[in-house]
Chemist: 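Sharing a structure here in structure tokens format.
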Amino acid sequence: MPEGDTVWRTARALDRALAGHRLTETDFRVPSLAAVDLSGGLVRQTVSRGKHLLTHIDHDDHFWTLHTHLKMEGAWQIYTAGQKWRRPTHEARVVLTAGPHIAVGFALGMVELVPRADEHRIVGHLGPDLLGPDWDEQEAVRRLLSDPRRPLRDALLDQRNLAGIGNMYAAELLFISGVHPDTAVGETKDLARLVKRAHLMLEANKDRPVQATTGNLRNGERLWVYRRDRQPCRRCQTPVRVELIGEPGLERASYWCPSCQS
Ligand SMILES: [Zn+2]
């Protein structure tokens, strides 16, 4: 699942390709928008809010927000005319052509068009955005502490507390902070420091295509525990543990070092 920094970078790429251009062709390949044609519309900008992508399009006196979400497998990719797509055509959900660029949204988990004035209905519930202009560390801590008995891992993944952390950063953050994933929020030592680290972690990764939390960008050495089950902990050599948590069908894998995180 893409993390907040990936979504942030996607917003930047869409913005660079489309902002300020008029759409010459639009193709929405989702049933609810099959009849929509926004060609002639002016793309104002694309921004990310947590893991949500918001593309502002002005069309015939209507101010629209195209809301997309990458969910599990989605991606936006930018092409020029005639270039071969890197993913199968049948995965395309949205195709926006403007100037020399074609932006293709593949396997998007969410595609909807809403009046821009209603944008708050999409993102109004989100906690402070780790990569947003309005990042607010104290507010994130306050929201986390609103349910002090909740396991920290779950609270960090809840986008209403703070927006942008996915399964990978949650695991890495808990390792670096030496906190067991099941620790209750209210019993976490120095929660503010952990939240500050989350912010720094996403900031450090937002401009590069590979994500690393160890400081080492080499293949296979970028992460502390995420997807490293049964491999030795980089600090203490204890095998990293993995456990599936959450409701059936919606399980996530939780990774931790039983020795470093107690
Ligand atoms: Zn360890």
Side-chain angles (χ1 to χ4, degrees), residues 1-9 50-51 72 127-128 130-131 135 137-138 140-141 143-248 250-262:
M1 175 177 278
E3 308 266 340
D5 55 345
T6 301
V7 178
W8 184 90
R9 210 164 43 249
K51 298 200 207 168
M72 299 304 279
L130 281 152
L131 292 176
W135 167 241
E137 184 186 306
Q138 286 180 356
V141 171
R143 288 184 180 223
L144 284 165
L145 284 171
S146 66
D147 189 354
R149 279 182 298 190
R150 196 169 183 196
L152 188 54
R153 174 196 47 220
D154 298 352
L156 287 172
L157 290 171
D158 187 336
Q159 307 294 303
R160 291 171 297 186
N161 290 330
L162 70 178
I165 293 181
N167 219 19
M168 181 191 89
Y169 283 128
E172 296 294 295
L173 192 60
L174 290 163
F175 175 84
I176 290 174
S177 303
V179 177
H180 190 281
D182 289 335
T183 308
V185 174
E187 282 159 28
T188 305
K189 278 178 243 147
D190 212 349
L191 189 62
R193 183 150 181 238
L194 185 144
V195 167
K196 198 187 292 279
R197 274 190 174 130
H199 177 60
L200 293 175
M201 207 178 249
L202 267 75
E203 276 288 338
N205 281 297
K206 71 178 187 183
D207 286 316
R208 57 192 185 204
V210 297
Q211 295 161 315
T213 58
T214 55
N216 188 339
L217 293 180
R218 246 177 298 172
N219 215 351
E221 296 178 24
R222 295 174 192 148
L223 301 173
W224 292 106
V225 290
Y226 182 69
R227 291 194 176 158
R228 293 198 63 243
D229 39 306
R230 294 194 296 274
Q231 296 177 54
C233 170
R234 298 190 194 283
R235 277 198 186 137
C236 74
Q237 308 303 314
T238 305
V240 170
R241 288 196 57 185
V242 62
E243 193 175 64
L244 284 179
I245 48 135
E247 298 162 40
L250 294 169
E251 300 101 332
R252 296 166 187 264
S254 178
Y255 302 86
W256 77 100
C257 170
S259 168
C260 292
Q261 295 170 259
S262 49

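Computed from a predicted model, the values in this text were never measured in an experiment. First listed ligand is number 1; within each ligand, the first listed atom is number 1.
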Chemist: According to salt bridge (charged side-chain N to carboxylate O under 4.0 Å, His left out), who are the partners of Arg160, at least two apart in sequence or on a separate chain?
Modeler: Asp158
Chemist: Compile the donor-acceptor pairs under 3.5 Å between side chains in residues 166-178 and protein atoms, sequence neighbours left out, one pair per line.
Modeler:
| from | atom 1 | to | atom 2 | distance (Å) |
| --- | --- | --- | --- | --- |
| Asn167 | ND2 | Ala253 | O | 3.0 |
| Tyr169 | OH | Asp5 | OD2 | 2.5 |
| Tyr169 | OH | Asn205 | ND2 | 3.2 |
| Glu172 | OE1 | Thr213 | OG1 | 2.4 |
| Glu172 | OE1 | Trp224 | N | 2.6 |
| Glu172 | OE2 | Trp224 | N | 3.3 |
| Glu172 | OE2 | Val225 | N | 2.9 |
| Glu172 | OE2 | Tyr226 | N | 2.9 |
| Ser177 | OG | Leu173 | O | 2.9 |
| Ser177 | OG | Arg197 | NH1 | 3.3 |

Chemist: Can you list the residues that meet the side-chain contact (heavy atoms from CB on, under 4.5 Å) rule with Arg218, with sequence neighbours excluded?
Modeler: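 Result, side-chain contact (heavy atoms from CB on, under 4.5 Å) vs Arg218: Asn216, Glu221.
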Chemist: Heavy atoms, side chains only, cut-off 4.5 Å: are Arg234 and Arg228 in contact?
Modeler: yes
Chemist: Just to be careful: counting only protein atoms that are N, O or S, how many fall under 2.8 Å of the Zn ion (ligand 1)?
Modeler: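 For the Zn ion (ligand 1), the figure is 4.
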Chemist: Minimum heavy-atom separation for Gln211 and Thr6, please, with both atom names.
Modeler: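 In this case the closest contact between Gln211 and Thr6 is NE2-OG1, 3.2 Å.
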Chemist: Quick check: are there more than 12 heavy atoms from other residues, nucleotides or ligands sitting under 6.0 Å from CD of Gln138?
Modeler: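 Count not over threshold, so no.
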